[in-house]
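Each remark here refers to the structure printed beneath this line.
Residue indices begin at 1 and follow the sequence shown.
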Amino acid sequence: MPAVTVDNPLTLPRVTAPADAVPRPVRAVTTAPSGFEGEGFPVRRAFAGINYRHLDPFIMMDQMGEVEYQPGEPKGTPWHPHRGFETVTYIIDGVFDHHDSHGGGGTITNGDTQWMTAGSGLLHIEAPPEHLVVSGGLFHGLQLWVNLPAKDKMMAPRYQDIRGGSVQLLTSPDGGALLRVIAGELDGHTGPGITHTPITMVHATLAPGAEVTLPWREDFNSLAYVLAGRGTVGAERRPIRLGQTAVFGEGSSLTVRADEKQDSNTPDMEVALLGGLPIREPMAHYGPFVMNTREELQQAFEDFQKGRLGTIPAVHGMSPDGTPRDGM
């Protein structure tokens, strides 16, 4: 699990919660069901079964893989529309290509993040590059959907291309945890992701037996999803493992601890830590559209059907009017 790492975490700034911080209790631990996305891409639905009031402003998150593809097996998703929210795609292992009908996109690989603000709408495709399809290989990542408030839902689409080398790296006081701040702020240290809805997104790696207690904004919600390994969450040490999400209650700090013994194929505990300022607006979600009302959802479908969200570029095997080119 390369993502972004350092040889000696003790060279990094150290983060700890103040002595008077109020520990966040663990409200629930849920287990993500497995499924398939797009053309048969394996995912774990990290937030399945969690009430939206505990997720807001997050909508959903999929753990993509971890999967070792054989030659010819890598799969992605076909062209599809989005409107009304942001998608955050974080690649831990492997390579993914992104393209959209506005000309945005590119290739992201180990530790990179692509932040797509769909806003008023676009067409979008995510797929492994041809060389990965031919060779096969390891693939692992996350895709997070972040809601937009009503005032921003129809903003112009935009991309942020966040390279792994630009994330803010931090550690715990004893160096047992490596913290990658992708977006938002942690103890005064800011990640490169620019968000319309205030959030914090951190990928933490904890060595066996390591524990970290982090300061957390009291007005944010708080979630921890285990990407690999096992350990405990909260001061009460609630057990948690791969594919499970912890929902924290109110407070000003959160604690994660890795078990002393991890699986042989998982030397460390890997955790995605998420927090955000709730939007507290009505949400209407269906498929690739996230709006505030049913009428706005219906308008999104109508706009998509009438080609108002864009057309598939000719460079991707389609003519400007969205019909297949010769030989496709």
Side-chain angles (χ1 to χ4, degrees), residues 1-4 35-44 60-83 85-119 121-146 157-167 180 182-183 192-194 201 203 227 287-288 304 309-320 322-325 327-328:
M1 187 174 289
V4 179
F36 293 92
E37 184 61 59
E39 298 172 343
F41 194 72
V43 297
R44 286 187 176 93
M60 59 161 280
M61 186 170 74
D62 285 346
Q63 181 180 8
M64 307 181 295
E66 182 175 5
V67 58
E68 182 74 45
Y69 282 123
Q70 297 302 308
E73 285 187 341
K75 298 177 176 68
T77 61
W79 285 94
H80 55 283
H82 285 312
R83 172 180 279 181
F85 65 101
E86 300 183 279
T87 64
V88 182
T89 306
Y90 172 53
I91 299 301
I92 299 169
D93 286 292
V95 186
F96 228 29
D97 284 343
H98 287 237
H99 301 284
D100 75 27
S101 53
H102 283 249
T107 299
I108 51 176
T109 185
N110 303 337
D112 295 340
T113 302
Q114 195 154 79
W115 203 294
M116 185 183 79
T117 304
L122 42 63
L123 304 181
H124 176 59
I125 189 172
E126 303 155 298
E130 184 61 30
H131 70 83
L132 183 63
V133 176
V134 171
S135 67
L138 184 63
F139 187 86
H140 190 199
L142 283 177
Q143 186 169 94
L144 173 71
W145 289 15
V146 185
R158 120 182 139 173
Y159 261 95
Q160 296 176 66
D161 189 17
I162 302 171
R163 293 294 143 182
S166 69
V167 302
R180 306 166 186 86
I182 298 166
I194 300 171
M201 181 178 182
H203 172 194
L227 293 157
F304 168 56
L309 300 191
T311 56
I312 300 171
V315 69
H316 296 290
M318 305 295 284
S319 66
T323 58
R325 300 175 70 192
M328 298 300 292

request  = Applying side chain to side chain contact (heavy atoms under 4.5 Å, CB included), run through H203 and V4 and close with a yes or a no.
outcome  = CA-CA 10 Å; H203 172 194; V4 179; over 6 Å; no
From CA spacing to verdict: side chain to side chain contact (heavy atoms under 4.5 Å, CB included), M116, T89 = CA-CA 8 Å; M116 185 183 79; T89 306; over 6 Å; no
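When every heavy atom of L123 is checked against every heavy atom of W79, the shortest pair comes out as O-CZ3, 3.7 Å. When all heavy atoms of Y69 and P42 are compared, the pair lying nearest together is OH-CD, 3.6 Å. Annotation for G121 and P157: closest pair O-CG, 3.7 Å, computed over non-hydrogen atoms. When all heavy atoms of H102 and L122 are compared, the pair lying nearest together is CD2-CB, 3.6 Å. Smallest separation of non-hydrogen atoms from T117 and E86: OG1-OE2, 2.6 Å. Here the closest non-hydrogen pair linking F85 and V146 is CB-O, 3.3 Å.
Counting only heavy atoms from C-beta outward, the side chains of E66 and I92 never approach each other to under 4.5 Å.
Residue pairs meeting the salt bridge (Lys or Arg N to Asp or Glu O under 4.0 Å) criterion with at least one partner in residues 107-119, sequence neighbours excluded, are D112-R163.
Residues passing the side-chain contact (heavy atoms from CB on, under 4.5 Å) test with S135, sequence neighbours excluded: L132.
Between atom CD1 of residue I194 and atom CD of residue Q160 there is a gap of 5.0 Å, rounded to the nearest 0.5 Å.
No donor-acceptor pair closer than 3.5 Å links the side chain of T107 to the backbone N or O of V95. With Q114 contributing its side chain and H98 its backbone, the two residues share no donor-acceptor pair below 3.5 Å. The backbone N or O of G94 sits less than 3.5 Å from a side-chain atom of T109, completing a donor-acceptor pair. Checking side-chain atoms of E126 against main-chain N and O of F96 turns up no donor-acceptor pair under 3.5 Å. A donor-acceptor pair is defined here as one N or O able to donate and one able to accept, closer than 3.5 Å; no such pair exists between the side chain of H82 and the backbone of H80. Counting only distance, with no hydrogens or angles, the side chain of D62 and the backbone of M64 share no donor-acceptor pair below 3.5 Å.
None of D161, I162, T113 except one satisfies the side chain to side chain contact (heavy atoms under 4.5 Å, CB included) rule with I108; the exception is D161.
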